[in-house]
Amino acid sequence: MYAFVRRLRAPLSYPPMSDAHPTGYDPQAVERKWQARWEERGTHRVDLAGARRPYFNLMMFPYPSAEGLHVGNLYAFTGADIFGRFQRLRGHDVFEPLGFDAFGIHSENHALKVGLHPAELIPRNIATFRRQLRRAGLMVDWRYEVQTTDPAYYKWTQWVFLQLFKAGLAVRKRAAVNWCPACKTVLANEQVINGFCERHPDTKVEQRTLDQWFFTITKYAAPLLDHLAQLDWSHSTRTLQANWIGRSEGAELVFGTPGGQRITVFTTRPDTLFGATYVVLAPEHPLVDELVTAECRADVNAYRRRAAATDLVTRRVGEKEKTGVFTGAYARNPATGASIPIWIADYVLMEYGTGAIMAVPGHDERDFDFATKFRLPIVRVIAGPGQDAATPLPQAEPDVPDGRLVNSPGYDGRPWLEAKRAITRWLEEKGLGKGVVNYRLHDWCISRQRYWGPPIPIIHCDACGPVAVPEQDLPVVLPKLDDYRPDDSGVSPLARNEAWYRVPCPKCGKPARRETDVSDTFLDSAWYFLRYPSADRADVAFDPALTAKWLPVTTYIGGNEHAVLHLMYARFITMALKDLGLIAFDEPFPRFRAHGMIVKDGAKMSKSRGNVVVPDAYFDQWGADTFRMYLMFLGPYQEGGDFRDAGIVGIRRFLDKVWALVQKTDAKTPRGQGGQAEDGGELLRHLHRTIQRVTADTEALAYNTAIAAMMEYVNALQKGEPSRALLEPLTVLLAPYAPHFAEECWERLGHSTSVMEAAWPAFDPALAVVEQVELVVQVNGKVRARVAMPRGTAEADAVAAARAEPAVAKFTEGKPPRKVIFVPDRLVNLVV
RNA sequence: GCGAAAGUGGCGGAACGGCAGACGCGCGGGCCUUAGGAGCCCGUGGGGCAACCCGUGGGGGUUCGAAUCCCCCCUUUCGCACCA
């Protein structure tokens with residue numbers, strides 16, 4: 001019966017400790033003991049004001065969901081914590097704070113679903129998270145915890161908004177927005193996935209036009225892009241941001257009309273101007289009304305209505321079949337002087353460039369499709385080698401290698417790149433164009449027509465317009481509403497609470513109303529790193545002296561899923577605050593590393609997929625230390641991987657071996673005699689090699705290979721005779737990875753202070769090298785033998801030894817080699 | 001379509017242009033045991049009795065030497081996607 005029960009538990013089970021080892025490493029007891037000690041001794045506290053070598057080790061704070069922490073979160077925090085502990089052991093004063101990002105639609109939707117008010121639900125979720133995080137053994141100084149939902153925090157989020165508002169960086173714009181009928185709120189473009197809501201994969205997003213608050217992040221597009229080159233960031237993250245900002249260089253050219261209108265188009269290819277056979281305006285373009293002729297008006301209006309009804313997203317990513325209608329009007333091509341038709345089509349987007357294009361069907365695929373469908377003329381203006389002005393164009397040729405202009409009087413024969421500059425200059429002189437740079441980045445819409453967020457601190461007055469809430473009146477507290485459900489009126493639930501929103505205007509005192517929208521969650525997290533060192537301060541958002549001392553963040557570790565939103569918004573806010581003179585630096589994260597993602601069976605963990613793995617059972621079964629190390633051993637930290645629990649026992653065996661070595665040594669060798677290793681030879685050399693490897697690998701976040709190096713060393717120790725001198729440095733190397741375990745070993749080795757007070761061991765380069773090397777002997781590049789030689793053997797000796805090998809002689813047949821390649825201490829290659 | 005990254009044993013993964021498969025799991029054999037489910041030892045890419053031969057997605061190339069560098073192709077993951 002008992003045996004049967006055990007077999008059922010087999011995949012996760014590990015036999016009772018007493019059975020495994022007489023010495024018995026009991027992770028639960030060790031972890032309980034050290035967590036209590038850390039608390040009591042304040043081991044993880046840092047003296048912010050007195051620190052001599054400040055190191056701000058930042059990790060992305062969690063968004064506490066109801067399910068609690070999953071192994072993906074834990075993976076992120078463990079990797080960052082190892083790095084922080086490593087830096088501390090290397091002598092830095094490491095500040096490793098953590099907090100909770102708990103406003104927003106996720107939380108609110110969940111609260112609605114379970115029928116509990118977010119103000120009650122969120123604290124519970126946070127409590128669960130905090131408990132799990134503490135159990136993981138993170139070196140967090142919880143005195144500086146922040147919660148974005150705390151009025152003491154969001155008071156300053158509102159303050160940040162006001163600083164931007166006063167600087168003219170927060171503006172109100174009427175804009176078409178993505179509307180999710182299920183969330184009943186607007187979504188950022190980034191929250192729309194292929195036309196569907198990121199939270200409701202079955203709900204198509206629609207278009208609505210609302211007055212919204214925007215941060216004009218586009219004003220910072222150039223520095224946001226340009227600084228990237230100087231930042232020490234994971235390559236992938238940098239690339240994602242650069243693509244998102246999407247700089248493109250081109251020109252704005254003016255196409256005049258007989259009616260005197262000037263249509264400005266944006267193009268990256270002014271060199272193809274002679275091939276522009278028609279002009280296309282976005283359906284929303286302001287000139288459409290003026291241009292359209294009486295005969296065409298009905299068709300044009302019908303088309304515009306249809307375009308307006310289609311949601312933004314379908315219009316962008318829906319079927320690519322081109323549609324459009326002729327306006328009846330014509331414009332003059334400034335190069336050819338030809339009169340060309342003006343169309344409207346929804347493939348031209350109002351929000352990019354000027355909302356108007358010159359169509360060059362010969363050299364642009366979209367224009368080609370359109371021209372083909374509507375039988376508009378297609379002209380070749382670029383020809384490559386072997387082509388000429390008359391070579392047919394069965395399809396668009398956007399990139400013609402070594403192309404030169406044709407059908408372009410005055411420019412024929414010129415290489416296209418040169419012509420691009422020449423034509424732009426020519427039109428500039430005529431006042432019909434100028435070179436411009438465009439960005440794909442859009443302004444950041446921060447309005448949310450929802451409840452669970454910080455109210456935007458603005459009061460609308462009929463006489464004064466939008467007025468900032470005076471700073472001394474902050475925070476604008478989010479009132480506790482029993483009915484906080486969104487409705488499809490397009491306004492926030494706060495707008496149903498008249499007692500709350502009716503206030504006098506701070507400027508003129510007349511009756512006015514509060515802004516009832518709340519701000520985007522990304523605003524909460526766009527400045528939280530500034531708050532941490534001052535988290536205990538009620539008088540300022542961030543203390544100038546502490547900020548100067550601790551910021552910018554020394555190292556930021558987080559997920560690439562935030563590469564374009566959170567990281568860009570945080571950079572923008574930082575630049576804005578710098579320009580306002582509130583901080584002295586313009587980049588918050590000079591060094592950023594993206595960790596990989598932990599997936600389950602190849603899919604991202606999510607509740608909807610039902611593949612979320614929670615750490616609790618693993619903590620119970622194996623202990624936090626084993627689980628931490630196991631996650632890190634799964635593969636390269638910066639690549640992530642698929643979670644499976646087969647193999648976790650390998651880590652446990654490793655810790656058991658170390659435990660046994662510590663017991664054995666402590667019983668045998670006298671305390672206080674760390675000094676000379678008993679084996680001054682190979683084991684000591686192995687130790688120094690291990691220190692070298694673990695140091696380099698930990699620094700590089702190559703945790704999997706650092707663990708492998710420690711395993712190799714422990715395997716070697718097991719075969720030899722352990723001593724304090726051989727074990728104490730190992731314990732310190734292990735401390736970032738298995739902190740509770742290392743503390744216990746450290747204590748058992750006779751220390752009364754925390755292992756975190758120890759110094760990271762140094763290695764002697766002379767000892768870290770192997771003195772007896774195995775030289776590979778190749779004949780014609782094929783390995784034929786290996787010879788053991790002392791390190792530093794000269795070429796002549798090595799070659800002689802190599803040739804003496806029978807396996808080598810056989811292939812050289814005794815003839816002298818034609819050529820010898822010698823790589824010191826590595827290989828000899830004889831070419832015969 | 002564009003951009004980025006990656007394809008290595010049964011599995012996760014190692015490998016400054018220089019011994020492919022470190023380390024771990026799993027598996028096989030042995031020791032110890034009443035027992036093995038713990039521990040310890042040995043073995044473990046494929047083929048061959050052997051000498052050896054073949055092996056890092058596929059095909060070319062550079063090199064004395066390529067998993068690694070270059071070109072083409074295939075596959076996977078991620079991001080963007082009518083951005084003029």
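Side chains included, hydrogens not; waters and symmetry mates left out as well; all remaining heavy atoms used. In this text, all values refer to a predicted model and were calculated from it rather than measured experimentally.
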Presence of salt bridge, A:R380 and A:E397, under 4.0 angstrom: yes
Distance-only donor-acceptor check, side chains A:Y352 and A:N438, under 3.5 Å: no
Below 4.0 Å: OP1/OP2 of B:rC64 and any side-chain N or O of A:R818: no
Atom P, compared across B:rG24 and B:rC70: separation rounded to whole Å: 34 Å
Heavy-atom donor-acceptor pair, A:Q778 side-chain to B:rG18 base, under 3.5 Å: yes
Out of B:rG26, B:rC40, B:rC19, whichever nucleotide has its closest atom nearest the side chain of A:R653: B:rG26
B:rG24 phosphate, OP1 or OP2, under 4.0 Å from A:R652 side-chain N/O: no
Integer-rounded Å distance: B:rG13 P and A:D697 CG: 17 Å
Distance test, side-chain N/O of A:Y352 to OP1/OP2 of B:rA84, below 4.0 Å: yes
Syn/anti state of B:rG10 by chi, 90° boundary around 0: anti
Whole-Å C1' distance, B:rC78 and B:rG18: 34 Å
Within the 6.0 Å centroid threshold, strictly below: A:W622 and A:Y630: no
A:I648 CD1 to B:rG26 P, straight-line distance once rounded to whole Å: 12 Å
Whole-Å P distance, B:rG28 and B:rG45: 16 Å
Side-chain N,O (A:N243) to OP1/OP2 (B:rC2) below 4.0 Å: no
Residue met sooner reading RNA chain B from 5', once A:A356 and A:V823 are mapped to nucleotides: A:V823
A:P636, nearest nucleotide to its side chain (from B:rA38, B:rG13, B:rC19): B:rG13
Any donor-acceptor N or O pair under 3.5 Å, side chains A:T78, A:Y703: no
Selected nucleotide, minimal atom distance to A:E712 side chain, candidates B:rC80, B:rC54, B:rC23: B:rC23
Distance test, side-chain N/O of A:T239 to OP1/OP2 of B:rA5, below 4.0 Å: no
Under-4.0 Å side-chain N/O to phosphate OP1/OP2 contact, A:K810 with B:rC52: yes
Sugar-phosphate only, base, or nothing, as touched by A:N704 at under 4.0 Å among non-hydrogen atoms: sugar-phosphate
B:rA51 and B:rG47, which share atom name C1', separated by this distance in whole Å: 14 Å
Residue A:R644 excluded, over 12 heavy atoms near CZ under 6.0 Å: yes
Distance test, side-chain N/O of A:R784 to OP1/OP2 of B:rA51, below 4.0 Å: no
Same-atom distance (C1') from B:rC42 to B:rC52, integer angstrom: 25 Å
Separation of B:rA66 C1' from A:R826 CZ (nearest whole Å): 15 Å
Using a 3.5 Å cut-off and no angle test, enumerate the donor-acceptor pairs between side-chain atoms of residues 632-643 of chain A and protein atoms at least two apart in sequence or in another chain.
residue : atom : partner : partner atom : Å
A:Y637  : OH   : A:Y75   : O            : 3.4
A:Y637  : OH   : A:A76   : O            : 2.8
A:Q638  : NE2  : A:A700  : O            : 3.4
A:D642  : OD1  : A:D601  : N            : 2.8
A:D642  : OD2  : A:D601  : N            : 3.4
A:D642  : OD2  : A:G602  : N            : 2.7

N or O in side chain of A:H235 less than 4.0 angstrom from B:rA4 OP1/OP2: no
Euclidean distance, atom CE of residue A:M629 to atom P of B:rC25 [Å, nearest integer]: 13 Å
Whole-Å gap separating C1' (B:rG26) and CZ (A:R644): 12 Å
Sugar-phosphate only, base, or nothing, as touched by A:L634 at under 4.0 Å among non-hydrogen atoms: sugar-phosphate
Minimum-distance nucleotide (side-chain atoms of A:K782 versus B:rC54, B:rC25, B:rA84): B:rC54
C1' gap between B:rC11 and B:rC27, integer Å: 11 Å
Phosphate-side-chain proximity, A:K819 and B:rU63, N/O vs OP1/OP2 below 4.0 Å: no
Pairs touching residues 268-277 of chain A that satisfy side chain to side chain donor-acceptor pair (under 3.5 Å), sequence neighbours left out: A:R269-A:D271
Sugar-phosphate, base or nothing in reach of A:L827, heavy atoms under 4.0 Å: base
Criterion salt bridge (charged side-chain N to carboxylate O under 4.0 Å, His left out) on A:R689 and A:E682, from CA distance to verdict: CA-CA 10 Å; A:R689 263 197 324 274; A:E682 212 24 65; 3.6 Å; yes
Electrostatic pair A:D369-A:K373, nearest N-O below 4.0 angstrom: no
d(CD, A:E795; C1', B:rC64) in whole Å: 13 Å
Gap between atom OG1 of A:T705 and atom CG of A:D697 - 0.5 Å precision: 3.5 Å
Sugar-phosphate only, base, or nothing, as touched by A:E774 at under 4.0 Å among non-hydrogen atoms: base
P gap between B:rG12 and B:rG61, integer Å: 32 Å
Each stem that RNA chain B is part of, given as range with range (3 or more consecutive Watson-Crick or G-U pairs, under 3.5 Å): B:1-7 with B:74-80, B:10-12 with B:23-25, B:26-31 with B:39-44, B:45-47 with B:52-54, B:57-61 with B:69-73
Phosphate OP1/OP2 of B:rG79: any A:R440 side-chain N/O under 4.0 Å: no
Charged N-O contact under 4.0 Å between A:R803 and A:E805: no
Sugar-phosphate, base or nothing in reach of A:N715, heavy atoms under 4.0 Å: sugar-phosphate
Separation between the P atoms of B:rA5 and B:rC54, rounded to whole Å: 34 Å
Earlier contact from the 5' end, RNA chain B, for A:F633 and A:S236: A:S236
Under-4.0 Å side-chain N/O to phosphate OP1/OP2 contact, A:N829 with B:rU63: no
d(CD1, A:I245; C1', B:rC2) in whole Å: 18 Å
Atom pair distance, as rounded to whole Å: CH2 in A:W233 and P in B:rA4: 18 Å
